[in-house]
*Asks:* 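I am attaching a structure below and will ask some questions about it afterwards.
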Amino acid sequence: MNNTRFLKIVIVFLLLINLGTISFMWFNKPHHNDRVGGFFEKELQFTPKQVSLFEGLKEEHRSKMDVLKEESKKLHDAYFDLLKNPSVDPTSVTQKASEIAKVKEKEELVTFYHFQKVRAICDDNQKIKFDKIIKEAARMMAPPKGPREGQGQPRGPRGDDGPPPPPRMNE
């Protein structure tokens, strides 16, 4: 009986440690674009004034992107809610997909104009370096594509790499 109580205490203790660790990691994880910010500051060797301006630009970009990401999430939810209707109108599906594409376009424009503003705070030598590293920085900002390392290749439902074929309408 005493041994069981001890094990329960150890289990609760370990559970609390795990929850604390996960919480700490969740709340202290760096924002995805912080890597890019540090990359620019290091590579372009910003002055303290430029760092201050750059921080403002990063915050402006992040807030605009957060709004667009939320809008995209809502549109995706509505898009996939269409699956609940077995006789959904193809026009509705196309319309929802177009709305999602418009938000993606806005995200791309916000990012382009953000980088344009970053380039504007650079001096002439930094602009030359900026022009060389911008593509690498943009790739760092993009969400990861494909499987993560060690996860193997994704497989379609038929065991291949592609999606299943669309259903035939005239059968």
Side-chain angles (χ1 to χ4, degrees), residues 19 22-44 53-122 126-171:
L19 288 173
I22 290 169
S23 298
F24 177 79
M25 290 170 48
W26 178 261
F27 290 113
N28 292 311
K29 70 180 178 179
H31 195 277
H32 179 66
N33 291 341
D34 287 344
R35 283 189 330 213
V36 180
F39 176 76
F40 272 116
E41 291 174 25
K42 178 181 163 216
E43 292 295 319
L44 299 176
L53 292 170
F54 182 61
E55 290 298 323
L57 291 174
K58 278 193 325 187
E59 190 54 42
E60 175 188 9
H61 180 256
R62 184 176 296 145
S63 66
K64 288 178 180 178
M65 290 299 284
D66 286 346
V67 169
L68 291 171
K69 296 286 184 201
E70 186 60 32
E71 183 178 349
S72 177
K73 180 185 176 302
K74 288 177 183 175
L75 287 171
H76 274 92
D77 289 347
Y79 179 67
F80 287 110
D81 281 346
L82 294 174
L83 291 169
K84 296 174 185 174
N85 182 355
S87 60
V88 66
D89 176 28
T91 306
S92 298
V93 176
T94 303
Q95 179 185 7
K96 290 292 181 196
S98 294
E99 290 173 13
I100 291 168
K102 286 177 185 171
V103 172
K104 179 65 176 166
E105 179 183 17
K106 289 177 189 177
E107 290 174 359
E108 293 298 324
L109 291 171
V110 165
T111 299
F112 178 86
Y113 291 120
H114 166 71
F115 282 133
Q116 189 178 53
K117 291 174 186 176
V118 172
R119 189 177 188 279
I121 67 171
C122 295
Q126 290 169 328
K127 285 180 182 174
I128 293 168
K129 180 74 172 175
F130 178 93
D131 294 342
K132 290 179 183 176
I133 66 171
I134 184 60
K135 291 178 185 170
E136 182 179 352
R139 278 190 287 275
M140 290 172 68
M141 286 182 68
K145 296 197 176 173
R148 292 185 182 167
E149 196 172 314
Q151 288 184 331
Q153 292 296 318
R155 306 308 267 173
R158 295 172 294 143
D160 62 3
D161 292 333
R168 295 184 184 181
M169 299 303 269
N170 297 334
E171 284 190 333

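Position 1 is the first residue of the sequence; numbering continues from there. Both backbone and side-chain heavy atoms feed into the values below; hydrogens, waters and symmetry mates do not.
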*Asks:* Taking all non-hydrogen atoms of both residues, which atom of Phe130 and which atom of Phe115 are closest, and how far apart?
*Replies:*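 What the structure gives for the nearest pair is CZ-O, 3.5 Å.
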
*Asks:* With rounding to the nearest 0.5 angstrom, report the CG to OG distance, Leu75 to Ser98.
*Replies:*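 The CG atom of Leu75 sits 11.0 Å away from the OG atom of Ser98.
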
*Asks:* Taking all heavy atoms of Leu44 and all of Gln126, pick out the closest pair and write down the distance.
*Replies:*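 Heavy-atom minimum between the residues: O-NE2, 2.8 Å.
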
*Asks:* What pairs with Glu136 under side-chain contact (heavy atoms from CB on, under 4.5 Å), at least two apart in sequence or on another chain?
*Replies:*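 By the side-chain contact (heavy atoms from CB on, under 4.5 Å) rule, Glu136 matches Phe39, Arg139.
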
*Asks:* Taking it one step at a time, do Arg62 and Asp66 satisfy side-chain contact (heavy atoms from CB on, under 4.5 Å)?
*Replies:* CA-CA 6 Å; Arg62 184 176 296 145; Asp66 286 346; 3.9 Å; yes

*Asks:* Measure the CD-CG distance between Gln116 and Leu109 for me, rounded to the nearest 0.5 Å.
*Replies:*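 Between atom CD of Gln116 and atom CG of Leu109 there are 11.0 Å.
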
*Asks:* With the threshold set at 4.0 Å, does a side-chain nitrogen-carboxylate oxygen contact exist between Lys102 and Glu105?
*Replies:*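 Result for this pair is no, no salt bridge flagged.
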
*Asks:* Test your reading of the model: is there a side-chain donor-acceptor pair from His114 to the backbone of Val110, 3.5 Å cut-off?
*Replies:*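 Such a contact is absent between His114 side chain and Val110 backbone.
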
*Asks:* Do the non-hydrogen side-chain atoms of Val118 and Lys58 ever get within less than 4.5 Å of each other?
*Replies:*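 Heavy-atom side-chain distance check fails, nothing below 4.5 Å.
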
*Asks:* Walk me through it: do Arg119 and Asp131 pass the test side-chain contact (heavy atoms from CB on, under 4.5 Å)?
*Replies:* CA-CA 8 Å; Arg119 189 177 188 279; Asp131 294 342; 2.8 Å; yes

*Asks:* Compile the donor-acceptor pairs under 3.5 Å between side chains in residues 77-87 and protein atoms, sequence neighbours left out, one pair per line.
*Replies:*
residue, atom, partner, partner atom, Å
Asp77, OD2, Lys73, NZ, 3.3
Asp81, OD1, Lys84, NZ, 3.4
Asn85, OD1, Ser87, N, 3.0
Asn85, OD1, Ser87, OG, 3.3

*Asks:* Decide, yes or no, whether a salt bridge links Glu71 with Lys74 under the criterion of side-chain N to carboxylate O below 4.0 Å.
*Replies:*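 Salt bridge between Glu71 and Lys74, a charged N being under 4.0 Å from a carboxylate O: no.
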
*Asks:* Is a donor on one side and an acceptor on the other found under 3.5 Å between the side chain of Thr111 and the backbone of Glu107?
*Replies:*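 Checked: pair present.
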
